[in-house]
There are 2 protein chains.
Amino acid sequence: MTHSHDCHHGHAHSHPEPTPQEPPRLAGERATRQRAAIREVLASEGRPMTPPEILEIAKRHVPRLGIATVYRNLKAMVDVGEITAVPLPGDRLYYELAHRAREHHHHFRCNECERVFDIPGCAGGFGDLAPQGFTVQAHDLTLYGVCAECGTDATSPEGIATEADLP
Amino acid sequence: MTHSHDCHHGHAHSHPEPTPQEPPRLAGERATRQRAAIREVLASEGRPMTPPEILEIAKRHVPRLGIATVYRNLKAMVDVGEITAVPLPGDRLYYELAHRAREHHHHFRCNECERVFDIPGCAGGFGDLAPQGFTVQAHDLTLYGVCAECGTDATSPEGIATEADLP
DNA sequence: CTTCATGCAAATAGTTTGCAAGAAG
DNA sequence: CTTCTTGCAAACTATTTGCATGAAG
């Protein structure tokens, strides 16, 4: 099974969900210390993060915080549109504050430090790429390379491959 | 961690290796019934598939085939360059025959049938998107929508959202 | 006080590994 | 016959769920 219960990519999408089972969740859920911590972590880091990453840092504020609570809150926060799930290739879901994802954008993953960064703007115009009969509704673009910090850092072991191997 | 550098782990070679370096794996590994089945499934389906998907179909040829064998063979086949790991956003790794991935291409995932298709050609020119100081070395582009088969199929339960909501 | 969220642990699901038995060369 | 591979099960990791306790309103 995949993660079909929720929208796998929080980008532009229109899901004609036939089952009205899921009642629209009230936006005013309880304000708990743990949810505040999660929100704070995402805000202070300012980059897409994984649940375990978030837990690690949020524990500084709420030591007894459990991973299950992180997952539950993240899911709830996605539901109310406070945060957005960021699907990265071959990896698990990352999350970031929704206001950062307000406008469609892409992501950059540093091959050195493994961190993920937002890239403003959208290349767009991929509708033509799909074969005859295919309807394109959304897309995900992820760039890989070396971030500014790692690139400037002279402590790189051996020469970093800086030639773009894009065709 | 990522899809880029996962060298296969030591299988069952307990023989004293003079060189600590991992010797380049011989391309001519043992031809087993199970590996042939896996290869055949990938060839006949002609699309990126997940290990569980492959197992399901390959079992028709080798009923007692186990999931562990599928994983081990897929990893070995990637090592010798026979197949390629396809990283899709927020999902697990898919695999496809290497000759299909010879030239850089992208993927399309149908929101209806969940299948993944190859899209020939590359949009390219994403080097400019990254911020100052960032070096782009590679990219992954995945399109989402409705495939030709699901789009034509009138048996769709509820109206399919056919309007492209790309910016 | 009533209801909902938490924390912990058990339950899932995908993937990896140990090991004895079986197959390939 | 020797070595590599398989199949099964246990081990792991990531994520989800059940339930009694505890906090929010």
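Note on naming: letters A, B, ... go to the chains in the order of the sequence lines (proteins, then strands), and numbering restarts at 1 for each one.
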Nearest-0.5 Å distance, CD of residue A/Glu82 to CG of residue A/Leu74: 10.0 Å

Euclidean distance, B/Ile54 CD1 relative to B/Lys59 NZ, rounded to 0.5 Å: 13.5 Å

Minimum-distance nucleotide to [X] side chain [options: [options]]:
{"X": "B/Ala68", "options": "D/dT16, C/dA5, D/dC8", "value": "D/dC8"}
{"X": "B/Arg92", "options": "C/dA24, C/dG14, C/dA5", "value": "C/dG14"}
{"X": "A/Ala31", "options": "C/dA9, C/dG25, D/dG25", "value": "D/dG25"}
{"X": "A/Arg30", "options": "D/dT6, C/dT3, C/dT6", "value": "C/dT3"}

For the pair made of [atom1] in [X] and [atom2] in [N], what is the distance, rounded to whole Å?
{"X": "A/Lys75", "N": "C/dA5", "atom1": "NZ", "atom2": "P", "result": "15 Å"}
{"X": "B/Met77", "N": "D/dT5", "atom1": "CE", "atom2": "C1'", "result": "14 Å"}
{"X": "B/Leu74", "N": "C/dT17", "atom1": "CG", "atom2": "P", "result": "14 Å"}
{"X": "A/Leu65", "N": "C/dC8", "atom1": "CG", "atom2": "P", "result": "10 Å"}
{"X": "B/Ile67", "N": "C/dT17", "atom1": "CD1", "atom2": "P", "result": "14 Å"}
{"X": "A/Asn73", "N": "D/dA24", "atom1": "CG", "atom2": "C1'", "result": "14 Å"}
{"X": "A/Glu29", "N": "D/dG25", "atom1": "CD", "atom2": "P", "result": "12 Å"}
{"X": "B/Leu93", "N": "D/dA14", "atom1": "CG", "atom2": "P", "result": "15 Å"}

Positive for side chain to side chain donor-acceptor pair (under 3.5 Å) with B/Asp118, one of B/His107, B/His106, B/Arg47: B/His107

Residues, nucleotides or ligands: over 12 heavy atoms within 6.0 Å of B/Glu45 CD: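 Counting neighbours around CD of B/Glu45, more than 12 heavy atoms of other residues, nucleotides or ligands fall under 6.0 Å, so yes.
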
Within 6.0 Å of CD in A/Glu53, more than 12 heavy atoms from elsewhere: yes

DNA chain C: 5'-proximal contact among A/Arg64 and B/Thr32 (nearest heavy atom):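 Its nucleotide being nearer the 5' end, the pick is A/Arg64.
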
A/Gln34 vs D/dA23: side-chain N/O to OP1/OP2 distance below 4.0 Å: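 For A/Gln34, the contact criterion (side-chain N or O under 4.0 Å from OP1 or OP2 of D/dA23) is not met.
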
Sugar-phosphate only, base, or nothing, as touched by A/Arg72 at under 4.0 Å among non-hydrogen atoms: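 The answer is base, as A/Arg72 lies within the cut-off (heavy atoms under 4.0 Å) of a base atom.
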
